[in-house]
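The analysis underlying the following values was restricted to heavy atoms, covering all of them including side chains, and did not include hydrogens, waters or symmetry mates. Just so you know, ligand 1 is whichever comes first in the structure, and atom 1 is the first atom listed for that ligand.
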Amino acid sequence: MEKKALYEGKAKIMYTTDKPDELLVYYKDDATAGNGAKKGTIMEKGIMNNKITAFFFDMLAKKGIKHHYISMPSDREMLVKKLDIIPLEVVLRNVAAGSLAKRLGVEEGTKMSVPIVELYYKSDELGDPMINHYHIKALKLATQDEINQIETLGLKINDILTKYLATKNIDLIDFKLEFGRDKNGEVILGDEISPDNCRFWDSMTHEKLDKDRFRRDLGNVEDAYKEILRRLTGEVR
Ligand code: ADP
Ligand code: UDP
């Protein structure tokens, strides 16, 4: 397969393939936090995030959610449909944590009475500012119809994941999604769903099993990723 790096991001490299509408995603072990201010390596993170993402995408497909994942040619690589990514970070929240806890003065761990959808403009230079429907339309990032679809899909995915994870004794606190347009212009789910972009807390102990262990220097970072992979797939690494 002819491979050319199209884009290298903070956690993944996107390669072209011999098919114009497919990309190969390579998952790296690199970890960043605070918009790149903190840098490090999480051993085998790339392998674990690839497998965890594939697991979630397969599960969501069974519930009727359309996504970009096609196949997993190797432990660190995922073949996906090439999307025209809508530059929005779509954040779903069930429990207050991180920036929401700070911004609204709510104690971390407080359950929200309804799920919250937030939209951020995906721009490293601007530090991913929060934006609303008016900004999105004014900047022509997406149409109102696409925004509605993204929010509806986000809430549905949140519902499916929250219920599933509860059976694995994991509380889904919050997470980030990205959507894009496929070759037919349909809005489908892209990017990844992993401990890098979700907050997972053990239901009993409330232990953090996600990238907050790296962001906040809590230790046992690799073990948290391993534990999520084990609870989802049974694989012990
Ligand atoms: P970042 O760009 O935030 O550093 P990554 O290292 O995860 O992030 O890089 C992956 C990049 O690929 C992101 O910019 C993401 O928007 C983009 N992407 C994800 N899925 C697809 C897809 N199916 N087609 C095209 N681009 C994608
Ligand atoms: N998130 C992400 N990428 C970002 C910002 C946030 O994946 O650039 C995820 C993060 O992992 C968490 C959720 O989105 O699950 C909400 O993050 P928050 O806004 O609280 O960000 P923080 O400032 O705490 O990283």
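Among protein heavy atoms, the minimum distance from atom 13 (C) of ligand 2 is reached at D174 OD1, 3.5 Å. Scanning the protein heavy atoms around atom 7 (O) of ligand 1, the nearest turns out to be K12 NZ, 2.5 Å. Protein heavy atom closest to atom 8 (O) of ligand 1, with residue, atom name and distance, is K10 N, 4.1 Å. Scanning the protein for heavy atoms near atom 15 (C) of ligand 1, the closest one is E178 OE1, 3.3 Å. Regarding atom 10 (C) of ligand 2, its nearest protein heavy-atom neighbour is R215 NH2, 3.6 Å. Atom 19 (O) of ligand 2 has as its closest protein heavy atom S99 OG, 2.6 Å. At the top of the distance list for atom 26 (N) of ligand 1, counting protein heavy atoms only, stands I85 CG1, 3.4 Å. The protein heavy-atom contact nearest to atom 24 (O) of ligand 2 is R199 NH2, 2.7 Å. Looking from atom 11 (C) of ligand 1 to the surrounding protein, the closest heavy atom is Y7 CE2, 3.6 Å. Nearest to atom 7 (O) of ligand 2 among the protein's heavy atoms is N197 CB, 2.9 Å. Scanning the protein heavy atoms around atom 6 (C) of ligand 2, the nearest turns out to be E89 OE1, 4.6 Å. Scanning all protein heavy atoms for the shortest distance to atom 14 (O) of ligand 2 gives K176 CB, 3.6 Å.
With a 4.0 Å heavy-atom cut-off, ligand 1 is reached by the side chain of H68 but not by its N, CA, C or O. Only side-chain heavy atoms of L23 come within less than 4.0 Å of ligand 1; its backbone N, CA, C and O stay farther off. Of all the heavy atoms of A101, none lies under 4.0 Å from any atom of ligand 2, so neither backbone nor side chain is involved. Only the side chain of M14 comes within 4.0 Å of ligand 1, judged by heavy-atom distances. Residue contacts with ligand 1, taken as heavy atom pairs separated by less than 4.0 Å, involve D191 via backbone and side-chain atoms alike. At a heavy-atom distance under 4.0 Å, only backbone atoms of D196 (N, CA, C or O) approach ligand 2. Under 4.0 angstrom from ligand 2, the non-hydrogen atoms of R93 all belong to its side chain. Neither the backbone nor the side chain of K28 comes within 4.0 Å of ligand 1, counting heavy atoms alone. Contacts between L83 and ligand 1 below 4.0 angstrom, taking non-hydrogen atoms only, involve backbone and side chain alike.
Under the 4.5 Å side-chain criterion, counting only non-hydrogen atoms from C-beta, K51 is not in contact with T233. Residues L155 and L92 have side chains in contact (heavy-atom distance under 4.5 Å, counting atoms from C-beta outward). Counting heavy atoms from C-beta on, the side chains of L141 and I131 come closer than 4.5 Å. Looking only at side-chain heavy atoms (C-beta outward), S99 and Y120 come within less than 4.5 Å of each other. Considering only heavy atoms from C-beta on, Y69 stays 4.5 Å or farther from T53 through its side chain. Annotation: side chain of E207 is not in contact with side chain of E227 (no heavy-atom distance under 4.5 Å). Residues L172 and Y164 form no side-chain contact, since every pair of their non-hydrogen atoms from C-beta on lies 4.5 Å or further apart. The side-chain heavy atoms of I188 and H67, taken from C-beta on, include no pair separated by under 4.5 Å.
Using a 4.0 Å cut-off between charged nitrogen and carboxylate oxygen, K211 and E192 do not count as a salt-bridge pair. A salt bridge does not link D196 to K176: none of the charged side-chain nitrogens sits closer than 4.0 Å to a carboxylate oxygen. In this structure, K10 pairs ionically with D124, as a charged nitrogen and a carboxylate oxygen lie closer than 4.0 Å.
Considering D159, D171, N158, D174 in turn, N158 is the only one that fulfils the side-chain hydrogen bond (donor to acceptor under 3.5 Å, both in side chains) rule with N94.
The heavy atom nearest to atom 13 (C) of ligand 1, out of those in H67, K82, K122, is found in K122.
Cation-pi contact between K137 and Y134: present, with separation from the ring centre below 6.0 Å and deviation from the ring axis of at most 45°.
Residue-ligand proximity, A11 to ligand 1, at heavy-atom distances under 4.0 Å covers atoms 5 (P), 6 (O). For ligand 2, the atoms closer than 4.0 angstrom to any heavy atom of G98 are 20 (O), 24 (O). Ligand-side atoms of ligand 1 in range of V80: 23 (N), range being under 4.0 angstrom from any heavy atom.
Atom 2 (C) of ligand 2 lies below 4.0 Å from at least one non-hydrogen atom of the protein.
In terms of heavy atoms, M43 sits closest to E222 at N-OE2, 2.8 Å.
Under the 4.5 Å side-chain contact rule for hydrophobic residues, L79 and F55 do not share a cluster.
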